[in-house]
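First the structure, in the form of structure tokens, and then the observations on it.
Keep in mind that this is a model prediction, so the values were computed, not measured. Numbers here simply count residues along the sequence, with the first being 1. Counting starts at 1 for both ligands and their atoms, following the listed order.
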Amino acid sequence: MAKTLALYLHEMETTHAIDPRLTGLINHLAETCKEISFKVSQGALAGILGSAGSENVQGETQKKLDIIANEIMCRACTESGFVSAVASEEMDHALQVPADAEIGPYLVLFDPLDGSSNIDINVSIGTIFSILPAGTPHRDVKDEEFLQSGRHQLAAGYVIYGPQTQLVLTLGLGVMMFTLDIATGNFYQTAQNVVIDESTKEFAINCSNMRHWEAPVQRYVTELLAGKTGVRQKDFNMRWVAAMVAEVHRILNRGGIFMYPKDHRDPSKPGKLRLMYEANPMSWLIEQAHGKATNGHENILDIEPTGLHQRVAVFLGAKEEVELVTSYHQ
Ligand code: F6P
Ligand code: MN
């Protein structure tokens with residue numbers, strides 16, 4: 001029988017001196033995502049589809065499930081005893097641990113439900129998380145304390161709610177995948193030390209925005225589209241699921257490059273995706289799988305954050321392709 005997530009985490013405590021409070025938090029997150037997974041699987045039966053009629057801090061319309069997943073994640077994390085505070089895509093500021101609950105040495109950032117536009121059409125969505133050090137456990141955590149570069153992450157991962165529910169995790173010791181067995185309620189390890197090929201013939205970008213992109217991205221994608229008869233001398237395939245979780249999951253499983261570039265429409269927005277709870281955790285997974293992740297100029301993990309909800313251009317996946325599109329920005 002395959003190894004459970006709990007056993008993997010226990011092994012990491014003994015072989016790599018991973019703090020049991022960190023593994024405790026990850027086990028807790030896995031349990032929490034099981035709850036979200038169940039809600040997702042219920043869909044219309046649980047009355048959770050559709051819009052909530054509100055907007056989040058990014059000015060995006062919130063779906064009912066965005067709000068439900070956020071509440072589940074917030075409650076679970078702040079009651080876990082392992083965190084000093086949490087931050088989420090769905091909340092303007094950090095959320096503190098209630099006065100009567102224990103605090104711990106970690107900060108958790110999350111996108112409770114990534115790929116929201118897929119909720120109502122029964123296509124893959126996910127929860128993304130990033131765990132940072134909080135120093136000595138404390139209360140009244142300021143938003144600024146979360147502003148640590150992706151290199152400071154202690155653990156990162158996502159849970160994808162697709163045909164299977166899978167948890168993909170890194171502690172900086174490779175990328176491990178676990179599949180939820182709904183018969184036993186356990187996550188079992190189904191892939192270990194995942195590695196992405198350096199080259200690929202598959203790319204993902206929302207081409208409907210092509211006319212708004214900057215010149216380097218226009219050039220790169222035009223060359224991909226030219227295929228065998230163009231400068232790249234090979235045909236490329238394209239995919240777009242519209243959920244970053246699903247794009248990264250595909251890349252970890254069969255390679256590729258994913259891009260969400262900045263564009264000319266709103267100069268105040270350097271991209272669509274959020275650095276702290278989308279780009280950073282995903283970039284760390286990709287680097288751990290021997291891929292690369294940049295904003296076109298520097299490695300995403302090296303960016304010094306300035307805001308909890310700051311946006312960033314993202315190019316991630318197969319090393320050769322990410323290096324090429326990055327070189328076009330120079
Ligand atoms: O979280 C933002 C997000 O939903 C990502 O998951 C996804 O990659 C992207 O936006 C989809 O963007 P678009 O609406 O342009 O397809
Ligand atoms: Mn998202």
Identify, for [atom], the protein heavy atom at the shortest distance, and state residue, atom and that distance.
{"atom": "atom 15 (O) of ligand 1", "result": "Tyr260 OH, 2.5 Å"}
{"atom": "atom 10 (O) of ligand 1", "result": "Lys272 NZ, 3.1 Å"}
{"atom": "atom 16 (O) of ligand 1", "result": "Trp240 NE1, 2.9 Å"}

- Task: For the residue pair Glu60 and Asn56, confirm or rule out a side-chain donor-acceptor distance under 3.5 Å.
- Result: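 Side-chain D/A pair, Glu60 to Asn56: present.
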- Strictly by modelled atom types, are His329 and Thr326 linked by a side-chain donor-acceptor pair under 3.5 Å?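 Judged by distance alone, the side chains do not pair up.
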Relative to the heavy atoms of [X], which atoms of ligand 1 are at a distance of less than 4.0 Å?
{"X": "Asn206", "value": "13 (P), 15 (O), 16 (O)"}
{"X": "Leu273", "value": "2 (C), 5 (C)"}
{"X": "Met244", "value": "5 (C), 6 (O), 7 (C), 8 (O)"}
{"X": "Arg274", "value": "1 (O), 2 (C)"}
{"X": "Asp114", "value": "1 (O), 5 (C), 6 (O)"}

Should [X] and [Y] count as an ion pair when the cut-off is N to O under 4.0 Å?
{"X": "Lys142", "Y": "Glu145", "result": "no"}
{"X": "Arg232", "Y": "Glu321", "result": "yes"}
{"X": "Lys262", "Y": "Glu214", "result": "yes"}

- Message: Which of the protein's N, O or S atoms come within less than 2.8 Å of the Mn ion (ligand 2), not counting waters?
- Response: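 The answer, once waters are left aside, is Asp111 OD2, Asp114 OD1, Glu278 OE2.
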Return a table of donor-acceptor pairs under 3.5 angstrom between the side chains of residues 1-10 and protein atoms on other chains or two or more places apart.
| residue | atom | partner | partner atom | Å |
| --- | --- | --- | --- | --- |
| Lys3 | NZ | Glu11 | OE1 | 2.8 |
| Thr4 | OG1 | Leu7 | N | 3.1 |

- Please work out whether the ring planes of Trp240 and Tyr260 are parallel, tilted or perpendicular, with thresholds of 30° and 60°.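 Ring orientation, 0 to 90° scale: tilted.
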- Query: Of the non-hydrogen atoms in Pro112 and Thr127, which two are nearest, and what is the gap between them?
  - Reply: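 Taking Pro112 first and Thr127 second, the nearest heavy atoms are O-OG1, 2.7 Å.
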- Message: Looking at every non-hydrogen atom in both residues, tell me the closest pair between Pro98 and Thr78 and how far apart they are.
- Response: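 Closest approach of Pro98 to Thr78: CD-CB, 3.9 Å.
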- Query: Is it true that the NZ or CZ of Arg219 lies under 6.0 Å from the centre of Tyr328's six-membered ring and within 45 degrees of the ring axis?
  - Reply: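 Yes, cation above the ring, under 6.0 Å and within 45°.
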- For the side chain to side chain donor-acceptor pair (under 3.5 Å) test, which of Lys319, Arg151, Lys292 pairs with Glu287?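 Only match with Glu287 under side chain to side chain donor-acceptor pair (under 3.5 Å): Arg151.
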- Message: For Glu89, state whether at least one heavy atom is located under 4.0 Å from any atom of ligand 1.
- Response: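 Per 4.0 Å heavy-atom rule, Glu89 does not contact ligand 1.
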- Query: Does Glu278 come within less than 4.0 Å of ligand 1, judged by its heavy atoms?
  - Reply: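 Within the 4.0 Å threshold, so yes.
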